[in-house]
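Take a look at the structure below.
In each ligand, atom 1 is the first atom listed, and ligand 1 is the first ligand listed.
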Amino acid sequence: MRRSVDSLSNQMTMSKQKSKLAYVCAECGADYSKWSGQCLQCKAWNSIREIRLETARSPRVALHNGYTGLRNEVHYLSDVDAEKIVRVSSGMNEFDRVLGGGFVPGSVVLLSGDPGSGKSTILLQTLANAAEDRPVLYVSGEESLEQIAGRARRIRLPVQKLRMLGETSVERVCESADKERPEILVIDSIQVMFCENIDSVPGGVAQVRESAALLTQYAKRTGLILLLVGHVTKDQTVAGPMTLSHIVDAQIMLSSTEDARYRILRATKNRFGAVNEIGLFAMSDAGLKEVRNPSAMFLSRVEPPGPGSVVSVLWEGTRPLLVEIQSLVVESQHGNPRRLGVGVDQNRIAMLLAVLTRHGGLLTSDQDVFVNCVGGIRVTETSADLAMVLSIVSSLQNSVIPRDVFVFGEIGLSGEIRPVANGEIRINEALKHGFKRAIVPTGNVPKNLVGKIDIVGVNRLTDAINVL
Ligand code: TYD
Ligand code: MG
């Protein structure tokens with residue numbers, strides 16, 4: 001009897017000790033009960049780390065209340081007032097546009113991007129402007145306050161009311177925030193933050209997750225706007241646990257274009273707005289400047305144009321954007337011809353080539369095909385189909401498409417050209433930029449423009465190829 005009680009208590013101590021260890025993948029944040037060489041979720045090798053969960057030094061009831069930090073009764077959704085969202089402007093139209101109209105109090109925004117993309121710069125500019133109207137706090141754990149002051153002075157920001165804190169402890173940040181009561185709080189960056197009662201190094205999965213969770217709860221409880229800076233890894237995911245994306249309300253990404261002067265801001269998740277908007281900035285010696293008329297910035301300005309290049313009009317969120325699609329078709333040196341796309345979906349190219357063969361009568365099975373969307377823009381809609389195919393045909397036949405022509409339209413599997421949304425606005429945008437001739441789906445030809453500009457409506461792929 002005595003022995004069995006002993007062994008039971010032994011077992012209990014052991015299981016208690018065991019429960020303090022967890023195994024978490026540093027790439028994707030998946031949890032495991034024991035270590036293994038490969039993560040079953042994201043298939044990364046050697047990414048599983050042993051982490052010691054916090055000891056019971058402090059009661060952490062708050063943690064069990066979810067990221068919002070609130071505990072509530074059950075309600076019918078119809079009884080809950082849908083409050084009208086009040087937005088706080090970032091002071092920059094392009095930033096507001098990506099956020100869905102501005103920051104929402106009590107929300108958490110994760111700003112990620114490559115080192116040097118300008119995350120610290122854009123947030124410093126935003127806060128310096130916001131500080132004129134409301135209390136703000138910029139917490140920097142990476143750069144020294146002197147460095148930041150130097151930058152702010154160089155780009156001539158109004159800094160009299162901008163309050164800064166060099167700190168990496170989450171608890172002490174919250175204490176300062178309690179005193180300062182900022183309406184906007186920036187944490188630059190979440191990877192250097194740590195919670196004092198977690199035994200793990202800053203930047204590790206456990207620390208990043210806990211720091212973000214605690215700060216998020218703080219933001220939800222006090223209704224402040226929390227902006228977290230997050231570093232990205234080579235494959236463009238936010239370093240640290242994926243759970244970070246689940247915690248935050250919006251995740252936005254700042255990336256450089258091919259032309260390193262420009263920066264594109266886009267949302268990959270937004271609980272308070274659409275995710276298809278992009279914001280455009282130029283990096284100058286006076287910080288990030290909004291590009292107010294971005295529609296033509298993705299056109300290459302090489303004169304005269306060569307074969308394989310054509311201009312299309314994309315729809316990005318709520319506005320048209322002129323882009324140049326380039327193709328290069330060369331005889332393949334291998335048995336297996338290559339199809340490569342930059343900023344363009346590879347599968348879409350393969351599909352369009354199949355349609356071109358079957359319904360356009362042009363064979364590319366012995367050719368390598370490369371398609372590029374100039375300037376680092378990603379084509380995510382089908383309206384660029386016709387432009388892609390015509391640029392491929394142009395390269396294949398070595399014929400130049402004149403500079404003043406623009407093209408858009410979706411291509412179906414049976415070679416039909418389908419109209420796309422917002423056709424008239426796209427056409428007007430191109431006309432504004434000096435384009436004079438158009439090849440568009442028949443359904444998109446505006447009646448009031450017939451006879452005024454050289455606009456060709458096409459129904460089938462062969463019609464479009466014959467126009468060239
Ligand atoms: P930074 O905001 O420090 O990037 P991040 O925080 O994303 O790492 O931006 C640094 C880069 O921006 C650096 O390469 C220099 C450039 N830059 C300018 O070109 N002009 C400027 O006025 C500023 C402040 C930075
Ligand atoms: Mg930085």
Under 4.0 Å from a heavy atom of Asp114: give me the atoms of ligand 1 that qualify, with their elements. 7 (O)

Taking only non-hydrogen atoms of Ser189, do any sit less than 4.0 angstrom from ligand 1? no

Are any of the heavy atoms in Gly113 under 4.0 Å away from ligand 1? no

Residue Thr121, metal the Mg ion (ligand 2), N/O/S under 2.8 Å: no

Protein heavy atoms: any of them under 4.0 Å from atom 13 (C) of ligand 1? no

In plain terms, say whether Arg266 and Glu316 are close enough for a salt bridge, that is, a side-chain N and a carboxylate O under 4.0 Å apart. no

Protein heavy-atom partner closest to atom 11 (C) of ligand 1 - residue, atom, separation in Å: Gly116 O, 3.6 Å

Pro115 neighbourhood, listing ligand 1 atoms whose heavy-atom distance to it stays under 4.0 Å: 8 (O)

Give the residue, atom name and distance (to 0.1 Å) of the protein heavy atom nearest atom 6 (O) of ligand 1. Ser120 OG, 2.7 Å

Distance from atom 17 (N) of ligand 1 to nearest protein heavy atom, with residue and atom: Met283 SD, 3.6 Å

Can you report which non-hydrogen protein atom sits closest to atom 3 (O) of ligand 1, along with the distance? Arg151 NH2, 3.0 Å

Crowded around Arg271 CZ? As in, over 12 foreign heavy atoms under 6.0 Å? yes

For Lys119, which part has a heavy atom under 4.0 Å from ligand 1: side chain, backbone, both, or neither? both

Give a yes or no answer on whether the side chain of Glu167 reaches the backbone of Ser169 with a donor-acceptor pair at less than 3.5 Å. yes

Test: Arg426 and Glu429 ion pair at under 4.0 Å: no

Are any of the side-chain nitrogens in Asp114 or Arg263 under 4.0 Å away from the carboxylate oxygens of its partner? no

How far is atom 22 (O) of ligand 1 from the closest protein heavy atom, and which atom is that? Gly287 N, 2.9 Å

Looking at Ile155, which atoms of ligand 1 are within less than 4.0 Å of one of its heavy atoms? 22 (O)

Taking 4.0 angstrom as the limit, do Arg209 and Asp31 come out as a salt bridge? yes

Cation-aromatic face contact Arg49/Tyr23, 6.0 Å, 45 degrees: no

Is the shortest side-chain N to carboxylate O distance from Asp188 to Lys119 below 4.0 Å? no

For Asp285, the atoms of ligand 1 under 4.0 Å from one of its heavy atoms are 22 (O)

Would you say Glu410 and Ser383 are linked by a side-chain donor-acceptor pair, where the criterion is simply a distance under 3.5 Å? no

I'd like to know if Asp404 and Arg437 make a salt bridge, using a cut-off of under 4.0 Å between side-chain N and carboxylate O. yes

Below 4.0 angstrom from a heavy atom of Thr121, which ligand 1 atoms are there? Numbered from 1 as shown, please. 1 (P), 2 (O), 9 (O), 24 (C)

Closest to atom 4 (O) of ligand 1 among protein heavy atoms sits Gly118 N, 3.1 Å

What's the shortest distance from atom 20 (N) of ligand 1 to any protein heavy atom, and which residue and atom give it? Ser284 O, 2.7 Å

What do you reckon, is CZ of Arg378 surrounded by more than 12 foreign heavy atoms closer than 6.0 Å? no

